[in-house]
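Values below: all heavy atoms of this structure, side chains included; hydrogens, waters and symmetry mates excluded. Positions are given from 1 along the sequence.
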Amino acid sequence: MGMDNQTWVREFILLGLSSDWDTQVSLFILFLVMYLVTVLGNFLIVLLIRLDSQLHTPMYFFLTNLSLVDVSYATSIIPPLLMHLLVEHKVIQYVSCAAQLFFSLGLGGIEFVLLAVMAYDRYVAVCDPLRYSVIMHVGLCTRLAITSWVSGSVNSLMHTVITFQLPMCTNKFIDHISCEILAVVRVACVDTSSNEIAIMVSSIVLLMTPFCLVLLSYIKIISTILQIQSTEGRKKAFQTCASHLTVVVLCYGMAIFTYIQPRSSPSVLQEKLISLFYAILTPMLNPVIYSVRNKEVKGAWKKLLGQLSGLTSKVASW
């Protein structure tokens, strides 16, 4: 009976960001607006890519996957967070907590691998442009996308199973905004050294390995760009990578800071802010970054808006 009381916890209580009601209401409004902007922005990017045939290229195929990952990641975190901001007791069921950890961890892993795949795509585009369409054919792009989704999902499933086999004792309080893996592991009433080692190993495999591939790709890209004689040519080559490079810096920077050394990880408040950064800010900024810093996307927006304006004029004339 004692072991049952230690092991089977039916629900957890998330401590969240604040216990002050006015602060929670303000955060609810802010996060709701940002979440709606995130969903709308990524949906419009996907829709634009589908409608404009000039964007039916490997780069935008991967960008579609990235937008889907961003929306899914934000949805796994933000709606429950919004609900908890309006209640006094931020209760999350054991099964719901496990599901949230699985989806958030899995989607995060998928994004890291996907960004490495996109770096390879940019490498081929800049360093071997004449063979780009031959190398980045539909079959390879599909396999790379599937690899991203499968690797992130398998890693997440493994950690979810390992984490929720830990005895949680009677400690129901998770000092976080969601069921984040480091926060859940801290609730366990046994030594979690093996779990922390597993987190660090998987971080090296699923985070540092893609990151190193991204670095290698951009070393090759920069080397190739510097060999271009004309200033205009160098500028054009760099512009093809600028959006992706900006997103890479945002995503990998915080993740490396958080997960590579669990025992010397940031403070709990920093962990919460980093989670918010990933759940709200990054998914919201990605469509903006690709729209503002990418000439092809800006051109597609102008074309689409022009078509809509013309259609509106015709409807009005009728």
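Under the disulfide bond (SG atoms under 2.5 Å apart) criterion, C97 pairs with C179, sequence neighbours left out. With sequence neighbours excluded, the residues forming a side-chain hydrogen bond (donor to acceptor under 3.5 Å, both in side chains) with Y218 are H244, listed by chain and number. Taking the ring pair (Phe, Tyr, Trp, His ring centres under 6.0 Å) definition, one finds that F211 meets it with Y252, sequence neighbours left out. Every residue two or more places apart in sequence or in another chain that forms a side-chain hydrogen bond (donor to acceptor under 3.5 Å, both in side chains) with S67 is listed here: N42. Applying the side-chain hydrogen bond (donor to acceptor under 3.5 Å, both in side chains) rule to Q100 yields no partners; only residues at least two apart in sequence or on another chain are considered. Legend: residues meeting side-chain hydrogen bond (donor to acceptor under 3.5 Å, both in side chains) with S153, ordered by chain and number and at least two apart, are absent.
Sorted by first and then second residue, the salt bridge (Lys or Arg N to Asp or Glu O under 4.0 Å) pairs with a member in residues 121-135 read D128-R131; sequence neighbours excluded. Residues in residues 272-281 take part in these salt bridge (Lys or Arg N to Asp or Glu O under 4.0 Å) pairs, two or more places apart or across chains: D175-K272.
Cluster partners of V46 are absent, since no Ile, Leu, Val, Met, Phe, Trp or Tyr has side-chain heavy atoms less than 4.5 Å from it. V134 belongs to no multi-residue hydrophobic cluster, having no ILVMFWY side-chain contact under 4.5 Å with any other such residue. Membership of the apolar cluster around I146 extends to V150, V154, as traced through chained side-chain contacts below 4.5 Å between ILVMFWY residues. Membership of the apolar cluster around I162 extends to M158, as traced through chained side-chain contacts below 4.5 Å between ILVMFWY residues.
Residues I45 and L47 share a single hydrophobic cluster, defined by chaining ILVMFWY side chains whose heavy atoms lie under 4.5 Å apart. Note on Y35: it clusters hydrophobically with V37, by side-chain heavy-atom contacts below 4.5 Å among ILVMFWY residues. Residues Y94 and M83 do not share a hydrophobic cluster, clusters being chains of Ile/Leu/Val/Met/Phe/Trp/Tyr side chains in contact below 4.5 Å.
For E11, the CD atom is densely surrounded, since the number of other residues' heavy atoms within 6.0 Å is greater than 12.
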